[in-house]
There are 2 protein chains.
Amino acid sequence: MNILIAEDEKAIANSLKKNFLAEGYTAKLVSDGAAVISSLENENFDIILLDWRMPKMTGLQVCKAIRESGNNTPIILLTALSDVSNKIDALKAGADDYITKPFNIEEVFARIEAVIRRTASAEPVLHCGSFSLNLFTHCVESGESSLKLTEKEFALLHFLVSNKGVVINRETLFEKVWGINYTPGTNFVDVTIKNLRKRLESITPGKCIKTVYGEGYVFLGD
Amino acid sequence: MNILIAEDEKAIANSLKKNFLAEGYTAKLVSDGAAVISSLENENFDIILLDWRMPKMTGLQVCKAIRESGNNTPIILLTALSDVSNKIDALKAGADDYITKPFNIEEVFARIEAVIRRTASAEPVLHCGSFSLNLFTHCVESGESSLKLTEKEFALLHFLVSNKGVVINRETLFEKVWGINYTPGTNFVDVTIKNLRKRLESITPGKCIKTVYGEGYVFLGD
DNA sequence: ACCAAATATGAAAAATATTTCATAATTACA
DNA sequence: TGTAATTATGAAATATTTTTCATATTTGGT
């Protein structure tokens, strides 16, 4: 078991690490968001313990950044606040669980095990703000509701979501989704965007695919 | 970077480990197949170096066992033989590369980097003997040829492959693939099996889905 | 406010996939 | 070998998805 600990307070970080080593686990300590991101690029971890308050970026922002980079390593957020709304924010940002400080080490072990058991059997999903895209079942999911997309719809949304925030022109979308060179005169992309938007209405209230006049389409998070 | 080294010869194993540690990598040494399997259950590795000849199980068997357990960690096989047919066997069994002894450490580092770069961008596949099933694109692939399955075909083959060697009855197949309770009178499963077999003809020569009279269907490896 | 270009939409047509069903072939067993 | 049960298969009927296209709406610039 290999654990990444992102915790600013040295005392807590060292205490966690000592306990993990005693259990035969390996643990790496980092103290800011940038270090978390670069560690994840170079190494695989079984779980990430992420402090809520960190220098420069909040744990929440780091969490979002991790998920946006496509990394699905389970994350447990550590926080001094017991506010319930933070928990909701945390889970929305892509965290898997949440431990309130002060905690005892048994609780940490128990939650790690629970999260790993839970996520080991989970299917890969792309977190897209208020909903998520299941890459295996091709469903968009939000809370209880789930909706299966057609293949073109799925491929188009998948591509837009994985380029969140960047405007993609029709030619590119066409070539990525249909896999063939763009031939002017077809409006496949427009039609599929329309259908996609209609379907997403029932899943998420806001308009998450925006048209940029003369340029193309963008997926916006929320 | 976390490396699992499965090598019987202590001298080679220790030399590898020393070199990896010098590079800032972590490495775990094991000396038999069972230890490889159990290590993988408890820890994530970035790469596995696997000796061709090991006590009890051959590296090839261990390799197959790893892939059958659903683990896709990149594997490099180490072998004293320079026989080309072994390389083919190795890749068939699910290995990603192959290094011939004696090797120098630069070659090992170079191959590790190459394999990681290659597999990092690869899509998840299920190795099924002479072909593989791409879980993202829903294609069966064998060497150059690739074939897109329909949804029911994919789901049926996926379920059979992930229960390789065990006979599954029609009721179970129906419920897993169609997601609804079995109602007698339908022969969806039979029809889809027929279509699947016809499609697989062009990919793999042998009959890999066998009928067990009165019981159901099995996927057999090859 | 008006115009031309760009985008959205509804709906028909074509292509694919799924389901149904009748019949043929195969199997296990007496 | 004969028979009933089981499985395989071809093909029609449905359903779904993809593509086409004509028309409506929106947009940015004048």
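Per chain, numbering begins at 1; letters A, B, ... match sequence-line order.
- Side-chain atoms of N187(B) and base atoms of dT9(D) include a donor and an acceptor less than 3.5 Å apart.
- For the pair L156(B) CG and dA8(D) P, the interatomic distance rounds to 12 Å; values are reported in whole Å.
- With sequence neighbours excluded, the residues that form a salt bridge (Lys or Arg N to Asp or Glu O under 4.0 Å) with E107(B) are R111(B).
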Legend entry - Derivation of the side-chain contact (heavy atoms from CB on, under 4.5 Å) call for I66(A) and V36(A): CA-CA 8 Å; I66(A) 292 170; V36(A) 172; 3.7 Å; yes

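- Remark: C1' of dT17(D) and NE2 of H138(A) are 15 Å apart, rounded to the nearest angstrom.
- Rounded to a whole Å, the CD atom of E151(B) is 13 Å from the P atom of dT16(D).
- With DNA chain C read from its 5' end, the first of the two nearest nucleotides for T192(B) and G216(A) is the one closest to G216(A).
- The bend of the helix from dA1(C)-dT30(D) to dA30(C)-dT1(D), defined by the angle between the axes of its first five and last five pairs, stands at 40° to the nearest 10°.
- Within 4.0 Å (heavy atoms only), V177(B) reaches no atom of the nucleic acid at all.
- Each of T150(A) and I193(B) lies near DNA chain D, and the nucleotide nearest I193(B) is the one positioned closer to the 5' end.
- Side-chain atoms of D96(B) never come within 3.5 Å of backbone atoms of I76(B) as a donor-acceptor pair (strictly under, hydrogens ignored).
- On the nucleic acid side, DNA chain C contacts chain A at distances under 4.0 Å to non-hydrogen atoms, with the end points of that region at dA5(C) to dG10(C).
- As a whole-Å value, the separation of I209(B) CD1 from dA8(D) C1' is 14 Å.
- Between the side chains of T211(B) and R197(B), at least one donor N or O sits under 3.5 Å from an acceptor N or O.
- Between dT6(D) and R170(B), no contact under 4.0 Å exists linking OP1 or OP2 to a side-chain N or O.
- Between the E113(B) side chain and the A110(B) main chain, no donor and acceptor come within less than 3.5 Å of each other.
- Protein atom NZ of K210(B) is 16 Å distant from nucleotide atom C1' of dA8(D), rounded to whole Å.
- Between D190(A) atom CG and dA22(D) atom C1' there is a gap of 14 Å when expressed in whole angstrom units.
- Side-chain N or O atoms of N169(B) include none that pairs as donor or acceptor with a backbone N or O of G216(B) at under 3.5 Å.
- Within the 4.0 angstrom heavy-atom criterion, no nucleotide atom of any strand lies near V189(A).
- In terms of the salt bridge (Lys or Arg N to Asp or Glu O under 4.0 Å) criterion, K176(B) has no residue partners (sequence neighbours excluded).
- Contact annotation: T211(B) reaches the phosphate of dA8(D) (side-chain N/O to OP1 or OP2, under 4.0 Å).
- Residue K148(B) is classed as having no contact, given no heavy-atom separation below 4.0 Å to the nucleic acid.
- Heavy-atom contacts from other residues, nucleotides or ligands closer than 6.0 Å to NZ of K148(B) number more than 12.
- One interatomic measurement links the two molecules: NZ of K194(B) to C1' of dT7(D), which rounds to 12 Å at whole-angstrom precision.
- Listed by chain and residue number, F109(B) satisfy the ring pair (Phe, Tyr, Trp, His ring centres under 6.0 Å) test with Y25(B) (two or more places apart in sequence, or in another chain).
- Between F188(A) and F174(A), the two ring planes are tilted [angle within 30° to 60°].
- Contact annotation for K152(A): backbone-only contact, meaning every heavy-atom pair under 4.0 Å involves sugar-phosphate atoms and none involves a base.
- Between H158(A) and F136(B), the angle of the ring planes goes over 60°, which puts this pair in the perpendicular group of the 30/60° scheme.
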Measure all distances between protein nitrogen or oxygen atoms and nitrogen or oxygen atoms of nucleotides 27-30 of chain D, and list the pairs falling under 3.5 Å.
{"from": "dT27(D)", "atom 1": "O2", "to": "Y213(A)", "atom 2": "OH", "distance (Å)": "3.1"}

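- Just one of T137(B), L156(B), V140(B) meets the side chain to side chain contact (heavy atoms under 4.5 Å, CB included) condition when paired with L149(B); it is V140(B).
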